[in-house]
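Comments concern the structure below.
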Amino acid sequence: MPAAPELARPLTLGGALLGALARDARIGTPAYAYDLDGVAREARELRAAFEGKPHLVAYAVKANSAGPIVRALAAEGCGADVVSGAELLVATGAGIPPASIVYSGVAKTDDELALAIGTGDRGIGAVQLESAEEIERVAARARALGKKARVSVRVNPDVGLEELDTHAHIATGHDEAKFGIPLVDGAAAVDRVLALPELVLVGLTSHAGSQLTVTRGYVAAARALFEFTGSIRGRAPALAYVDAGGGFGIDYGEGCPARPMDFVREVRAEQERAGLGDLALYVEPGRSLVAAHGVLLARVIQPKVTRGRRWLMIDAGMNDLIRPALYGARHRIVPLDGEGGDLVEWRVVGPCCESSDDFGTHVLPAAPPWGVALLDAGAYGYTMASRYNGRPLPAEVFLKGGRIVAVRERKSRGAWVEERLGI
Ligand code: LLP
């Protein structure tokens, strides 16, 4: 039988602390707990990999949009990659300068475009254009507002799924994805942008996919982006950056040979080789900055042992953490107490009325523990949570130096009932 995973590695929060948090009446379960020191450290280490060269770490806010997280990253000099007007307002509200914000997304509304173009004195750093149609829409909005919009063209580098080595749902840089402008149409898109007086082409962008555990596909996508950049550079005088996107993987327990800085170092070398060393290099990491520094705390409601099957039923479900149900993802699970004694395999499941509300089989104490922590849940956990089955969104607690610095409480059951009946 495999050994039980070590508690909260590399999360710096100890098991005793997590157990105390889960038992804290102000917090309760299910609750996400985040280590802000760990998040800040990730950002510092990643920024160091640029060795002083012009760069922007544009944090993908979709991974975790909580104020304390975004403020911690803003304090480390990160910018933001946003995909909605709401995320844009979180980024600026958390102190990220508008010029350090890029806005991705295939279907931005007119209202969101107006917000991006109208933010600060000169609008945000760049609206990243994902289609020929969007080029015209952004120009029309800028014209209506009497402003110029700084833009980048997001090309789709057409890197195959095999090369990316990740789940099909989170691979974006292949030719059947809805994202980006196909490379073959990139030059026409650039020329159209340059012909429109309301638009200023400041960047070129690509994003290959998420949870990449090796650098190969990412570097291939960047190489394609840089080759394309070289081919149009002569006619784009305001071009200031190339953006290789996010996607650096983390170790969910099955290994992740490439570290975030490896992606940066290899892509920087490609950038130099392509003769583009004078341009700033942007990256858009989400997961790698936050995932390992958050856990989902849950209480064990009861075991169910029948006909040789052993289920451990916890009070966190797929509505709180949907990654296992949606992508077949596996999050390691550790006990909050009851360590020692015999270990057995438990199938850990939540309370939702769905067979996919299932966190997989885990080695845990035979005597059911009081509570458990689902590890590496700091990214795409709370931000993808829902209120399915009338379940309130989980609470959140933020720690710094091992102390609680902020708590966001769970809304009451009554609030949900009132909201539904109040229609
Ligand atoms: N930039 C763009 C344009 C993106 O589409 C994404 C993620 C990122 C940056 C950040 O990628 P990251 O560094 O976090 O891998 N919900 C899924 C992941 C979806 C990623 C979508 N795009 C999950 O839980 O695995």
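Counting convention: from 1, in listed order, for ligands and their atoms alike. Numbers for residues simply follow the sequence, beginning at 1.
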Show which atoms of ligand 1 fall inside a sub-4.0 Å distance from at least one heavy-atom site of [X].
{"X": "Met384", "result": "16 (N)"}
{"X": "Pro285", "result": "13 (O)"}
{"X": "Gly247", "result": "11 (O), 12 (P), 13 (O), 15 (O)"}
{"X": "Arg154", "result": "3 (C)"}
{"X": "Glu284", "result": "1 (N), 2 (C), 3 (C), 8 (C), 9 (C), 10 (C), 13 (O)"}
{"X": "Arg287", "result": "12 (P), 13 (O), 14 (O), 18 (C), 23 (C), 25 (O)"}

Ring-plane angle category for Phe263 and Tyr218, please: parallel below 30°, perpendicular beyond 60°, tilted otherwise.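 Taking Tyr218 first and then Phe263, their aromatic rings stand perpendicular (interplane angle over 60°).
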Just say parallel, tilted or perpendicular for the rings of Phe50 and His55, cut-offs at 30° and 60°.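 Aromatic pair Phe50/His55 classed parallel.
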Listed by chain and number, what are the salt bridge (charged side-chain N to carboxylate O under 4.0 Å, His left out) partners of Glu419, not counting sequence neighbours?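 Counting only residues at least two positions away or on another chain, Glu419 forms a salt bridge (charged side-chain N to carboxylate O under 4.0 Å, His left out) with Arg387.
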Can you list everything that forms a salt bridge (charged side-chain N to carboxylate O under 4.0 Å, His left out) with Arg143? Sequence neighbours excluded, please.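 Per chain and number, Arg143 pairs via salt bridge (charged side-chain N to carboxylate O under 4.0 Å, His left out) with Glu198.
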Is there a donor-acceptor contact under 3.5 Å linking the side chains of Ser104 and Arg154?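 Note: Ser104 and Arg154 side chains miss the donor-acceptor criterion.
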Going by atom types only, do His207 and Glu284 share a side-chain donor-acceptor pair under 3.5 Å?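 No - no donor-acceptor pair under 3.5 Å links their side chains.
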Does a salt bridge link Arg23 with Asp337, judged by any charged N lying under 4.0 Å from a carboxylate O?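 Here Arg23 pairs with Asp337 in a salt bridge, since their nearest N and O are under 4.0 Å apart.
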With a 4.0 Å heavy-atom cut-off (strictly under), which part of [X] contacts ligand 1: side chain, backbone, both or neither?
{"X": "Phe179", "value": "neither"}
{"X": "Asp81", "value": "side chain"}
{"X": "Gln128", "value": "neither"}

If we ignore hydrogens and angles and just use 3.5 Å, is the side chain of Arg410 paired with the main-chain N or O of Ile27 as donor and acceptor?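 Yes: the side chain of Arg410 pairs with the backbone of Ile27.
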Got an N/O contact under 3.5 Å between Ala63 and ligand 1?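 There is no such contact.
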Would you say ligand 1 has an N or O under 3.5 Å from any N or O of Ser288?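 No - when backbone and side-chain N and O of Ser288 are compared with those of ligand 1, no distance drops under 3.5 Å.
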